[in-house]
Amino acid sequence: MYGFKRDLEIHNLIGAEIIQIRLGLCDVQFNFDSGHVFSAEGLVEVLQKETLIAYWNAEIGWSDLSFQSLLNSGVKEYKVLSNRLLELRLKEDLFLHFHDDSEHYECLHIHPEGIIA
C-alpha cells in the first residue's frame with residue numbers, strides 16, 4: 001500500500017537467523033533470533049541464486065516445501081530494490097523477496113522486537 005522507503009533502517013537484522021516460520025489464515029510470519037518478526041500478507045518469494053524455488057500468497061499458501069531451506073539462514077544484507085520490493089539476502093545464495101502488491105492494505109509489517117499488535 002505505502003511501499004518500502006529507500007532509507008529503510010533494519011541494519012540490526014544483519015546476522016540474525018530465521019528460527020521459525022509461522023502460518024496464519026492470511027499471513028506468514030518469519031521470526032528471527034534477534035527478536036524481529038516479519039509478518040507478510042502480500043506475495044513472498046524464495047529464490048536460490050536467480051531461480052524461484054517457492055512462493056507464498058494468501059490464496060494458496062506455500063507453493064512448495066522448499067521454503068523450509070530458510071530456517072536457520074542468517075541475513076547477510078537487505079536491499080530495497082524498488083518501492084514495491086524488499087530483498088533479504090541469506091546464506092547459500094538464498095534470497096527472500098517481500099512484495100508490496102496491494103493498493104488496499106499493508107503487505108508487510110516489520111516488528112523490531114517481536115511485538116505484534
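Along the sequence shown, the residues carry numbers beginning at 1.
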Please tell me if the side chains of Leu96 and Ile18 come closer than 4.5 Å, counting only heavy atoms from C-beta onward.
-> yes
Check whether any side-chain heavy atom of His36 sits under 4.5 Å from a side-chain heavy atom of Asn12, and report yes or no.
-> yes
Rounded distance [0.5 Å steps], [atom1] in [X] versus [atom2] in [Y]:
X: Ile110; Y: Leu86; atom1: CD1; atom2: CG; result: 6.0 Å
X: Trp62; Y: Gln68; atom1: CH2; atom2: CD; result: 10.0 Å
X: Glu41; Y: Leu108; atom1: CD; atom2: CG; result: 9.0 Å
X: Leu85; Y: Lys79; atom1: CG; atom2: NZ; result: 11.5 Å
X: Ile53; Y: Phe67; atom1: CD1; atom2: CZ; result: 11.0 Å
X: Leu47; Y: Asp93; atom1: CG; atom2: CG; result: 11.0 Å

Contact summary for [X] and [Y], nearest pair of heavy atoms:
X: Ser66; Y: Ser69; value: O-OG, 2.8 Å
X: Ala16; Y: Asp33; value: CA-OD1, 3.3 Å
X: Leu94; Y: Ser73; value: CD1-OG, 3.7 Å
X: Val28; Y: Leu23; value: CG2-CD2, 3.7 Å
X: Val75; Y: Leu13; value: CB-O, 3.6 Å
X: Lys49; Y: Phe95; value: O-CD1, 3.6 Å

Same cluster (ILVMFWY, side-chain, under 4.5 Å), [X] and [Y]:
X: Ile21; Y: Ile19; result: no
X: Leu90; Y: Leu65; result: yes
X: Leu43; Y: Phe4; result: no
X: Ile60; Y: Val44; result: no

Val46/Leu52 under side-chain contact (heavy atoms from CB on, under 4.5 Å): CA gap, chis, key distance, verdict | CA-CA 6 Å; Val46 181; Leu52 180 66; 5.8 Å; no
Does the pair His97 and Leu81 meet the rule for a side-chain contact (heavy atoms from CB on, under 4.5 Å), with working shown?
-> CA-CA 10 Å; His97 284 182; Leu81 299 177; 4.2 Å; yes
Between His99 and Arg84, does a side-chain contact (heavy atoms from CB on, under 4.5 Å) hold up when you go through it step by step?
-> CA-CA 6 Å; His99 293 262; Arg84 296 290 185 179; over 6 Å; no
Take Leu88 and Phe30 through the test side-chain contact (heavy atoms from CB on, under 4.5 Å) and record every step on the way to the result.
-> CA-CA 12 Å; Leu88 299 184; Phe30 299 88; over 6 Å; no
Cut-off 3.5 Å, side chains only: do Gln29 and Asp27 have a donor facing an acceptor?
-> yes
Do side-chain atoms of Arg6 reach the backbone of Asn83 as a donor and acceptor pair under 3.5 angstrom?
-> no
Given Tyr78, Phe38, Tyr55, the one that forms ring pair (Phe, Tyr, Trp, His ring centres under 6.0 Å) with Phe98 = Phe38
